[in-house]
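Before any comments, here is the structure.
When a ligand or atom number is given, it counts from 1 through the structure's own listing order.
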Amino acid sequence: MIKEAMYIKSLTDLKDRPEVFPQILLLGRSNVGKSSFINSLTNRKNLARVSKTPGKTLLLNFYLLNQNFYLVDAPGYGYARRSKSLKDEFIIMIEKFLLNNQDLLFVCLLIDFKVGPTKDDINTYNFIRQLGREVVVIATKKDKIPKTKQYKQEKLIKSMLGTPELFISVSNVTKENIKTVESLFLERIENYYHEKEVYEEI
Ligand SMILES: Nc1nc2c(ncn2[C@@H]2O[C@H](COP(=O)(O)OP(=O)(O)OP(=O)(O)O)[C@@H](O)[C@H]2O)c(=O)[nH]1
Ligand SMILES: [Mg+2]
């Protein structure tokens, strides 16, 4: 279970990062539900700010969970009113984060279940994989599609992404499958600490 969660700090450069713990990065376009997802996962109403007006600030927000791993909330991409230079800055920031970061376990790409993967989503998905990072796709807002149509929609999304290895559709409203994501995260974190122990014994 995720028993403890607290906001630690926001930063633009990894060199300013707080105490070292394994990290899981959340990426997704503005309004996809990243902050809501953090709140669902940690069972807190206002840990991460849920915005109706997406912000322009390029900050990586570090949340420490169970005192042993970070969830890192990145700013949403595809924010139309962002200037070209700010968009480039965003890509550079994320690329740096993905390339020079031993503590990053994997990336969660959040996409909208109802909207399906946008061009930006597909580009981001390929971009992360090209940098050699594992991607877990989390489709949010599942509650917006009627139950009878969910299977078909899920199949469509998966095929558009070329059948991702790990795909979980969730709802931050009904909390459907939030426990599944929680189990996945905790299992990965446990493995990380286990491997670290084994390695340190050698
Ligand atoms: N129906 C439904 N609405 C959701 C869900 N998740 C988030 N929302 C709504 O979607 C809007 C955006 O949610 P946020 O969590 O702020 O999205 P974000 O990805 O953090 O947005 P930025 O911080 O701007 O990048 C809010 O109005 C949420 O209430 C969901 O699973 N179902
Ligand atoms: Mg947010």
Side-chain angles (χ1 to χ4, degrees), residues 2 5-12 23-65 70-83 86-95 97-98 106-125 127-128 135-151 153-154 156-157 161 167-182 184-185:
I2 293 173
M6 58 178 159
Y7 166 74
I8 301 292
K9 71 187 285 191
S10 301
L11 49 100
T12 49
Q23 307 159 359
I24 297 170
L25 175 68
L26 302 183
L27 274 181
R29 67 181 172 76
S30 267
N31 208 45
V32 74
K34 293 180 297 299
S35 300
S36 307
F37 172 71
I38 293 176
N39 290 336
S40 300
L41 197 68
T42 55
N43 205 11
R44 297 264 292 267
K45 279 201 174 72
N46 292 310
L47 182 66
R49 202 168 55 88
V50 174
S51 57
K52 289 211 162 58
T53 46
K56 286 195 225 169
T57 40
L58 294 181
L59 286 171
L60 297 162
N61 305 308
F62 278 67
Y63 296 89
L64 182 62
L65 273 53
Y70 290 119
L71 257 192
V72 183
D73 186 18
Y77 56 75
Y79 180 46
R81 269 178 288 170
R82 219 175 247 165
S83 66
L86 209 52
K87 277 179 194 161
D88 293 344
E89 245 179 76
F90 172 77
I91 294 168
I92 292 164
M93 180 177 82
I94 296 300
E95 189 170 29
F97 195 81
L98 295 178
F106 57 89
V107 180
C108 284
L109 179 67
L110 274 68
I111 64 166
D112 188 313
F113 190 84
K114 185 176 175 188
V115 175
T118 63
K119 212 174 147 206
D120 273 344
D121 292 334
I122 294 171
N123 288 340
T124 306
Y125 178 74
F127 173 70
I128 306 165
V135 189
V136 175
V137 179
I138 298 179
T140 60
K141 310 195 185 184
K142 193 177 188 181
D143 58 283
K144 285 192 168 183
I145 293 275
K147 282 227 160 12
T148 52
K149 294 187 177 153
Q150 286 176 355
Y151 176 75
Q153 181 67 358
E154 185 153 327
L156 179 69
I157 295 174
L161 290 170
F167 177 96
I168 305 172
S169 47
V170 304
S171 167
N172 295 311
V173 173
T174 66
K175 313 294 177 205
E176 182 179 348
N177 284 341
I178 294 295
K179 284 273 166 213
T180 311
V181 180
E182 184 187 13
L184 172 76
F185 283 12

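Ligand 1 has no nitrogen or oxygen under 3.5 angstrom from a nitrogen or oxygen of Lys142. Residue Thr140 has no nitrogen or oxygen atom sitting less than 3.5 Å from a nitrogen or oxygen atom of ligand 1, judged on distance alone. Backbone and side-chain nitrogen or oxygen atoms of Val170 are examined, and none is located within less than 3.5 angstrom of a nitrogen or oxygen of ligand 1.
When the heavy atoms of Lys141, Lys144, Lys34 are ranked by distance to atom 19 (O) of ligand 1, first place goes to Lys34.
With sequence neighbours excluded, no residue forms a salt bridge (charged side-chain N to carboxylate O under 4.0 Å, His left out) with Lys175. Scored by the salt bridge (charged side-chain N to carboxylate O under 4.0 Å, His left out) test, Glu154 finds Lys158 as partners (sequence neighbours excluded).
Heavy atoms of other residues, nucleotides or ligands lying less than 6.0 angstrom from CG of Asn43 number 12 at most.
A side-chain donor-acceptor contact under 3.5 Å links Asp121 and Thr118.
Lys141 contributes no side-chain N or O that, together with a main-chain N or O of Ile111, makes up a donor-acceptor pair within less than 3.5 Å.
Distance check for Ser36 against the Mg ion (ligand 2): none of its N/O/S atoms falls below 2.8 Å.
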**Report entry** Full working for side chain to side chain contact (heavy atoms under 4.5 Å, CB included) between Phe97 and Gln23
**Finding:** CA-CA 11 Å; Phe97 195 81; Gln23 307 159 359; 3.2 Å; yes
**Report entry** salt bridge (Lys or Arg N to Asp or Glu O under 4.0 Å) evaluation trace for Lys144 with Asp112
**Finding:** CA-CA 10 Å; Lys144 285 192 168 183; Asp112 188 313; 5.3 Å; no
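For ligand 1, the atoms closer than 4.0 angstrom to any heavy atom of Ser30 are 24 (O), 25 (O). Heavy-atom contacts of Ser171 reach the following atoms of ligand 1: 31 (O) (cutoff under 4.0 Å). Atoms of ligand 1 lying under 4.0 Å from any heavy atom of Ser36, numbered from 1 in the order shown and given with element: 6 (N), 7 (C), 13 (O), 14 (P), 15 (O), 28 (C). Close contacts between ligand 1 and Asp143 involve ligand atoms 1 (N), 2 (C), 30 (C), 31 (O), 32 (N) [criterion: under 4.0 Å to a heavy atom]. Within ligand 1, the atoms closer than 4.0 Å to a non-hydrogen atom of Gly33 are 7 (C), 13 (O), 14 (P), 15 (O), 17 (O), 18 (P), 19 (O), numbered from 1 in the order shown. Ligand 1 places these atoms under 4.0 Å from at least one heavy atom of Gly76: 25 (O).
The CG atom of Leu47 sits 10.5 Å away from atom OH of Tyr7, with the distance rounded to the nearest 0.5 Å.
Using a 4.0 angstrom heavy-atom cutoff, Gly28 does not count as in contact with ligand 1.
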